[in-house]
Structures are given as C-alpha cells and as structure tokens.
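Keep in mind that this is a model prediction, so the values were computed, not measured.
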Amino acid sequence: MKVRRKFHSIEESCYLTEQSLLTDLSFVVREKTSPIRCYRIAQEFDYASGRTDLLGLGQQDEVHAFETKLSKWRDALHQARRNLCFAHYCYVVLPVKASSIALQFEREFVKHGIGLIVLGMQQANLAIKPHRNDPLLPWLTKAALAHFGNE
C-alpha cells in the first residue's frame, strides 16, 4: 500500500538529514491510510543495546520499532535486528535512492523478519513486510510501552 503526501524534503526523493526522514515517517505512520498504522509514536527509545529512532504503538498495543538511515541500509538492518529483543515489528526506513540497493538484499530482511519502508517521491511504500516477532525480553517491551507515556 502506498501513501501519498507532501514530504519535507527539498527534492521529491532526496533527504538531506535523517531528521527530515524521521519527520516524514512520524507523519506517515499516523495516517489512516498508512501501510503501518500507529496511533501513538515516541522518538529515541534508549535501552542498553542501542537507541531506536522511532517507536509506534499499534491498535493491539504491539510495539513497532523504526530505524531511519539516509544510505547505510546494512547499519539500519543491524540496528533493527537488535530491536527484535523488545519490538513486535521492526523496520528499516530509507529514501528511494538508498532503497534500490537494499532491495537487492531482500533475502536478508526476510530472513530476520525485518520490514523495509521506502519514503520519497511523495509516497510511502511498504516494500518488505515484517514478520510478527515475539520479543525475547518482555520486560524491555514493558519499558518501551512506558516510553509512550514519557512523550
């Protein structure tokens, strides 16, 4: 499913900062027509193994973890894999240009159950659907849920 909207980027498919990519993602996941619908979001969840760029809370209180990168998709995939310890769904979020390279390695995403969201050209596309994950550290999932109350 694709969502069309006016993006913050200077050019339709070019993001200059990860923050601008994150700003667009924050808007997209709250839209009713979004391929990933979250009714609450929270930025920068810090935990012992890392920091997640954005958390989303789904309708059944499932935790969605998003890692945004302008180009280093392998780093984002590694970070998203760490998020499997607490999140039910994990995603890498890339602009269009970087996603074309990452899509060549779709097998890596599928193998680990990580989704890929492509932002740009005035749309959001769920290019690779994640698998639902049973978090390994339920106590950390509870901490992530509590993080929504801190925003």
Leu21 and its side-chain contact (heavy atoms from CB on, under 4.5 Å) partner, picked from Thr68, Leu94, Leu16: Thr68
Is there a donor-acceptor pair closer than 3.5 Å between any side-chain N or O of Glu108 and the backbone N or O of Glu106? no
Closest non-hydrogen contact found for Leu70 with Thr17 is CD2-O, 3.6 Å
In terms of relative ring orientation, are Tyr47 and Phe86 parallel, tilted or perpendicular, with 30° and 60° separating the classes? perpendicular
Check for a donor-acceptor pair, side chain of Arg40 on one end and backbone N or O of Gly56 on the other, with a separation under 3.5 Å. no
Close side-chain approach of Cys90 to Gln79, heavy-atom, < 4.5 Å: no
Closest heavy-atom pair and its distance - His64, Gly58: CD2-N, 3.9 Å
Value rounded to 0.5 Å, distance of SG in Cys85 from CG in Leu137: 5.0 Å
Could you tell me which non-hydrogen atom of Leu103 sits nearest to which non-hydrogen atom of Ala127, and how far apart they are? CD2-CB, 4.0 Å
What pairs with Phe109 under ring pair (Phe, Tyr, Trp, His ring centres under 6.0 Å), at least two apart in sequence or on another chain? Trp73
Nearest non-hydrogen partners of Ser20 and Tyr15, listed with the distance: OG-CD2, 3.3 Å
Heavy-atom closest pair, residues Lys69 and Ala76: CG-CB, 3.4 Å
Check ion pair Asp53-Arg51 (N to O, under 4.0 angstrom): no
With a 4.5 Å heavy-atom cut-off, do Ser26 and Ile41 have their side chains touching? yes
Verify the distance criterion only: is there a donor paired with an acceptor across the side chains of Asn83 and Tyr89 at less than 3.5 Å? no
Can any side-chain N or O of Ser34 pair as donor or acceptor with the backbone N or O of Glu31 at less than 3.5 Å? no
Side chain proximity check, Pro130 to Ile114, heavy atoms < 4.5 angstrom: no
List the residues meeting ring pair (Phe, Tyr, Trp, His ring centres under 6.0 Å) with Phe66, not counting sequence neighbours, and say none if there are none. Tyr91
Within this structure, what is the CZ-CD1 distance for the pair Arg74 and Ile101, rounded to the nearest 0.5 Å? 10.0 Å
Taking the side chain as every heavy atom from C-beta outward, state whether Asp75 and Leu77 have any pair of such atoms under 4.5 Å apart. no
Checking the side chain of Asn133 only, and the main-chain atoms of Leu84 only, is there a donor and an acceptor separated by less than 3.5 Å? yes
Closest non-hydrogen atom pair, Arg132 against Asp134: NH1-OD1, 3.5 Å
How far apart are the C-alpha atoms of Asp61 and Tyr39, what are their side-chain angles, what is the distance that settles it, and do they pass the side-chain contact (heavy atoms from CB on, under 4.5 Å) test? CA-CA 9 Å; Asp61 287 341; Tyr39 69 93; 2.8 Å; yes
Report the distance from atom CD1 of Ile128 to atom CZ of Phe105, rounding to the nearest 0.5 Å. 11.5 Å
Mind checking whether Ile117 and Ile36 have side chains closer than 4.5 Å, heavy atoms only? yes
Only residue of His131, Arg107, Arg81, His78 satisfying side-chain hydrogen bond (donor to acceptor under 3.5 Å, both in side chains) with His112 is Arg81
For His147, which of Leu55, Thr52, Val63 qualifies under side-chain contact (heavy atoms from CB on, under 4.5 Å)? Leu55
